[in-house]
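A short worksheet on the structure shown next.
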2 protein chains.
Amino acid sequence: MSQIPYKIYLTEEEMPKAWYNLRADMKNKPAPLLNPGTHEPMKPEELAGVFCEELVKQELDNTTPYFDIPEEILGFYKMYRPSPLVRAYCLEKKLGTPAKIYYKFEGNNTSGSHKLNSAIAQAYYAKKQGLKGVTTETGAGQWGTALSMACAYLGLDCKVYMVKVSYEQKPFRREVMRTYGASVTPSPSMETEVGKKILAEHPGTTGSLGCAISEAVEVATTTEGYRYVLGSVLSQVLLHQSIIGLETKAALDKYGIKPDMIIGCAGGGSNLGGLIAPFMGEKLRGEADYRIIAVEPASCPSLTRGKYAYDFCDTGMVCPLAKMYTLGCGFIPAPNHAGGLRYHGMSSVLSQLYDDGLMEATSVKQTDVFEAAETFARVEGILPAPESSHAIKVAIDEALKCKETGEEKTIVFGLTGTGYFDMVAYEKFHDGQMTDYIPTDEELQASFDKLPKMD
Amino acid sequence: MSQIPYKIYLTEEEMPKAWYNLRADMKNKPAPLLNPGTHEPMKPEELAGVFCEELVKQELDNTTPYFDIPEEILGFYKMYRPSPLVRAYCLEKKLGTPAKIYYKFEGNNTSGSHKLNSAIAQAYYAKKQGLKGVTTETGAGQWGTALSMACAYLGLDCKVYMVKVSYEQKPFRREVMRTYGASVTPSPSMETEVGKKILAEHPGTTGSLGCAISEAVEVATTTEGYRYVLGSVLSQVLLHQSIIGLETKAALDKYGIKPDMIIGCAGGGSNLGGLIAPFMGEKLRGEADYRIIAVEPASCPSLTRGKYAYDFCDTGMVCPLAKMYTLGCGFIPAPNHAGGLRYHGMSSVLSQLYDDGLMEATSVKQTDVFEAAETFARVEGILPAPESSHAIKVAIDEALKCKETGEEKTIVFGLTGTGYFDMVAYEKFHDGQMTDYIPTDEELQASFDKLPKMD
């Protein structure tokens, strides 16, 4: 075994060549997507109007363990992968912990996060199918940026519907998308029937993610040569994101390191599902055991306080029903600064694993998260995204527990991205203006009461 | 010779362990700094009130070829170095050129640029001298951010005087500095005598870099345990930045690649001087020949249209005189978006090399630079800083010349940083609101007329 470097990079030869489909090893498969009208499982032909054919296959395949990564995608990966697995020597020293902390850093690309991993895959299959372009929605803009980059690389048109309030208040992400040639439309817009309807009913509305999804889906399904793509929640996205975990595991194996726990932030589940994939696979096959911890914001606690039930994937209630831990598709989390973690539900795959007791979940408060973020930034040099900082907070807590007990545990966490476009949030934190919000049981119950009735 | 990977990373063993001092190989040494009062060369004891002792030595040493990099700095480097040398396969394909293009990418750290290389060195020597802290000025904030990061790592206080208009209009960089624990004061301020004086004379002024330098120097020289640090122009800064060129050369040598030309953007000269150092060294020693090209903005063309003369390093005329290609220390370049390239003069080292005909210089227009930036971003994935994009523009031009002639030249350029905090500039470009400005001969002459009279 060689000496462990500060950053472990894989060579091109050591890079994973196939994605791992966690569902293949699950005894209890994730519940199928249902048609919201008939409550019957969605058929491939129903999904094919919205998604590319190859992606429909990936979405519905619960048995094939590995999918070869196409050459063209491996080529694109070379721009920004492998991402480094970093030993957090400086953080360990700062905490005075005997724990060994590693983080997988996905932020060293222009999209600033792991979202690019699925963006390039989805754009690739759209291009391969001979499509002209794709549509999507974006809130804060991370997913839209990632998709714009992938489409620019492949020469595919990219139409992004951006929640109007973000479009106006966060012009920087918008300009990054335009730099990559995407058209960015504030939603709701007059370009779609659903947009016109919403604007007629609510003139002056600043939009919502649910509305932007509805517009993007409408344009995809009514425009020749277009399909809709989504950056999280879906099982296909977790498949693409497995590259994070596969690289992490290969890097650890290279130096004979076995982690005790793996920690990731969880919004819709794309990062966490990708990071834990090969470790959870070993756990499912009885080959190894790990603590796996999902971290979510206390303001939007789908795993820790949600119901495991069928619910709409979107606020607009036009998408299929998914069985997931959910706060109810009408739940509007209080404003917080981890935009990527504000989704009402959790990936069906992760929801099933959690329900089966195969992973833990915890929720953390926003101010504690920013305190952890600042501690991390000062010693490790990287300015973390608020989303990623949820995992930092719990990694620090676990490392401090090791300090008390003297245990030399090995902690791995996912550092999903950078916070360059989140400085308004940091400013609030510095100025003592940041607030914590935790929904009451009554608020949650009111939202649960509106869950779709299943017979 | 192994196959050339997409990105060349050095291993920890292959990393340079000493900085290279280009001055040691120069036959015509750079002219000495002069005391502005006596016009005599600055003595070490005069400089020691402003700079750390070790840095004064480095500043004045024209003969020692190598300086060992202290262990602690090598440790800090592990956070973000080696930086990758990237083969721009996608850009080559897009241009259809037979040229081979490589770029050394310095933007993958939170400061977003190469500035961190000198920040850590200067902060380290301040810490080693037992100082409490350092002061500096910053315009757009890149240097201030880099210094804040280095000081946070070493536990050193960091006082940044930020040009007031930037402080107010660019709050994001300010918040990054605050995240790293720096105090950031809008300049002019009421904290210094010079600040008070300026505010009394010009109430409501939005400040200037010259004024911020004066405030930072005043605080450093009047506060026990503080010194002043500067991010460019100085010979010590070029020494620290030689790490860029040394890594680049080691990476090229590893694969037996000999570049035909090396291209870098030039403001005060810190990036260019660092990038070209070992190549220029070979040229000076007659061991090899390279075309070396400095690229500056047409709006601030110190090498291409300036005078080679003694001038003040600062607008406030409190700093020593340096012999350099200068537009006159009172020259105010028209607003443009490459803030890091708006300095009136050029490093004395580079000025001498240029005067000796050892390197070329060219100037480019802002709109052409952003067009090149966008082309690059779309195929290479990285969103470049406006400063760096000056080098991209000329690299593309040279690659297109190769397309005409069919020559397979090898082009290396420095990609100094990312443009995440420059989206206002990209927005203007996208909206067709960006203008080009080139100073007239009359404007320049008026500025030259005010150069200090030397007898």
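Letters A, B, ... are given to chains in the order of the sequence lines, protein chains preceding strands, and every chain is numbered from 1.
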Checking [X] side chain against [Y] main chain: does a donor-acceptor pair fall under 3.5 Å?
X	Y	answer
A:K104	A:S83	yes
B:T416	B:S113	no
A:S111	A:T145	no
B:K115	B:L147	no
A:S389	A:A373	no

message = Tell me whether B:R87 forms a cation-pi arrangement with B:Y102, defined as NZ or CZ under 6.0 Å from the six-membered ring centre and within 45 degrees of its axis.
response = yes
inquiry  = Can you tell me how the ring of B:Y420 sits relative to the ring of A:Y420, calling it parallel under 30°, perpendicular over 60° and tilted otherwise?
reply    =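 Rings of B:Y420 and A:Y420: parallel, under 30°.
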Which bit of [X] comes within less than 4.5 Å of chain A, counting heavy atoms only: side chain, backbone, both or neither?
X	result
B:T418	neither
B:F76	neither
B:V176	both
B:R173	neither
B:E12	side chain
B:F429	neither

Would you mind telling me which of [options] has the largest number of heavy-atom pairs within less than 4.5 Å of chain A?
options	answer
B:F172, B:Y426, B:Y180	B:Y180
B:G181, B:S148, B:P84	B:G181
B:T179, B:V86, B:N108, B:L383	B:T179
B:R178, B:E374, B:E380	B:R178

task = In plain terms, say whether A:R81 and A:E106 are close enough for a salt bridge, that is, a side-chain N and a carboxylate O under 4.0 Å apart.
result = yes
inquiry  = Give the interface residues of residues 150-166 of chain B toward chain A, defined by a heavy-atom separation under 4.5 Å.
reply    =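 The stretch touches chain A at B:A152, B:Y153.
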ask   = Between A:K94, A:K7, A:M149, A:R174, which shows the greatest number of heavy-atom pairs under 4.5 Å with chain B?
value =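 Top count of heavy-atom pairs under 4.5 Å with chain B: A:K7.
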inquiry  = Between A:Y77 and A:L74, is there a side-chain heavy-atom distance shorter than 4.5 Å?
reply    = yes
